[in-house]
Asks: 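Pasting a structure here, questions to come.
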Amino acid sequence: DVKVTQSSRYLVKRTGEKVFLECVQDMDHENMFWYRQDPGLGLRLIYFSYDVKMKEKGDIPEGYSVSREKKERFSLILESASTNQTSMYLCASSLSGGIIRGEQYFGPGTRLTVT
Amino acid sequence: AQSVTQLDSQVPVFEEAPVELRCNYSSSVSVYLFWYVQYPNQGLQLLLKYLSGSTLVKGINGFEAEFNKSQTSFHLRKPSVHISDTAEYFCAVSLSGGYNKLIFGAGTRLAVHP
């Protein structure tokens with residue numbers, strides 16, 4: 001079974017803090033994704049990575065950065081957390097090679113509260 | 001640009017009743033379509049997907065969906081729901097091109113009552 005794990009289920013941070021959200025997958029997937037989930041908005045893509053050290057902006061990258069130093073690990077960084085970044089953050093991974101192989105597998109999510 | 005509209009934000013239904021969750025998409029190119037389910041306090045899990053071929057797609061837990069190209073719809077159905085089907089359901093469309101990116105609808109919360 002594909003396993004995508006996220007470092008924390010719940011996180012509370014103060015405004016202005018630097019926040020790291022970690023995601024690890026154990027199936028040697030090339031692609032990894034970070035989404036933000038908000039009520040009434042569904043999931044919105046923040047960043048994705050298709051290879052080590054490679055990244056692409058998604059639909060809402062402002063205020064976020066990412067790091068992928070190893071294939072299995074994809075980190076989301078909030079350089080200076082703000083209250084409007086309070087949300088559920090979901091990580092996902094998939095194989096490359098087209099949509100036939102590219103089902104995305106999701107982690108359990110990290111609920112971040114910024115006070 | 002592709003977009004996904006889920007027409008109902010909440011659907012209440014009694015146990016053993018049929019249910020339909022509606023999804024419409026907009027796209028100028030061929031699409032691949034997905035339904036994901038999110039149980040309380042969990043990540044998303046794939047229910048079913050349409051890639052090509054038969055327009056009626058069967059998924060896990062007794063769910064099925066029908067791809068209708070002329071109406072640009074991909075509605076999810078189950079003939080008889082259980083309490084355990086209570087969850088949030090997301091319709092998604094893949095972007096053409098690489099990297100298997102998905103665009104999600106806003107979600108439909110299905111509440112099954114005894």
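Naming: A, B, ... by sequence-line order, numbering from 1 per chain. These numbers come from a predicted model, not from an experiment.
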Asks: Mind checking whether Phe20(A) and Tyr47(A) sit in one hydrophobic cluster, side chains of I, L, V, M, F, W, Y counted as touching below 4.5 Å?
Replies: no
Asks: Same hydrophobic cluster for Val13(B) and Val37(B), using side-chain heavy-atom links shorter than 4.5 Å among ILVMFWY?
Replies: yes
Asks: Roughly how far apart are Asp59(A) CG and Phe104(B) CZ, rounded to 0.5 Å?
Replies: 11.5 Å
Asks: Non-hydrogen atoms of chain A under 4.5 Å away: do they reach the side chain of Gln38(B), the backbone, both or neither?
Replies: side chain
Asks: Same hydrophobic cluster for Leu21(B) and Val93(B), using side-chain heavy-atom links shorter than 4.5 Å among ILVMFWY?
Replies: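 Hydrophobic grouping puts Leu21(B) with Val93(B).
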Asks: When clusters are formed by joining ILVMFWY residues with side-chain heavy atoms under 4.5 Å apart, either directly or through shared neighbours, do Tyr64(A) and Val114(A) land in the same one?
Replies: yes
Asks: Determine yes or no for a side-chain-to-main-chain donor-acceptor pair under 3.5 angstrom, with Arg9(A) supplying the side chain and Asn41(B) the backbone.
Replies: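 Confirmed, Arg9(A) side chain pairs with Asn41(B) backbone.
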Asks: Looking at Pro39(A), Gly109(A), Gly40(A), which makes the most heavy-atom pairs under 4.5 Å with chain B?
Replies: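 Top count of heavy-atom pairs under 4.5 Å with chain B: Gly40(A).
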Asks: Need one label for Leu45(A): side chain, backbone, both or neither, based on atoms under 4.5 Å from any heavy atom in chain B.
Replies: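 Only the side chain of Leu45(A) comes within 4.5 Å of chain B.
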Asks: Can Ile60(B) be reached from Tyr39(B) by stepping across I, L, V, M, F, W or Y side chains whose heavy atoms are under 4.5 Å apart?
Replies: yes
Asks: Does CD in Glu20(B) sit with more than 12 non-hydrogen atoms of other residues, nucleotides or ligands closer than 6.0 Å?
Replies: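 It does: Glu20(B) CD has more than 12 such atoms within range.
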Asks: Between CG of Leu44(B) and OH of Tyr105(A), what distance do you get to the nearest 0.5 Å?
Replies: 13.5 Å
Asks: Under 4.5 Å between any side-chain heavy atoms of Tyr36(B) and Gln104(A), yes or no?
Replies: yes
Asks: Is it the backbone or the side chain of Gln6(A) that comes under 4.5 Å from a heavy atom of chain B, or both, or neither?
Replies: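 Looking at Gln6(A), nothing touches chain B.
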Asks: Do Lys101(B) and Phe48(A) make a side-chain contact, defined as non-hydrogen atoms from C-beta onward lying under 4.5 Å apart?
Replies: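 Yes. Closest side-chain heavy atoms under 4.5 Å.
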Asks: Please assess Phe33(A) against Leu102(B) for the test side chain to side chain contact (heavy atoms under 4.5 Å, CB included), listing each intermediate value before the final yes or no.
Replies: CA-CA 10 Å; Phe33(A) 307 83; Leu102(B) 295 172; over 6 Å; no
Asks: Among Ser9(B), Gly105(B), Ala92(B), single out the residue with the greatest number of heavy-atom pairs under 4.5 Å to chain A.
Replies: Gly105(B)
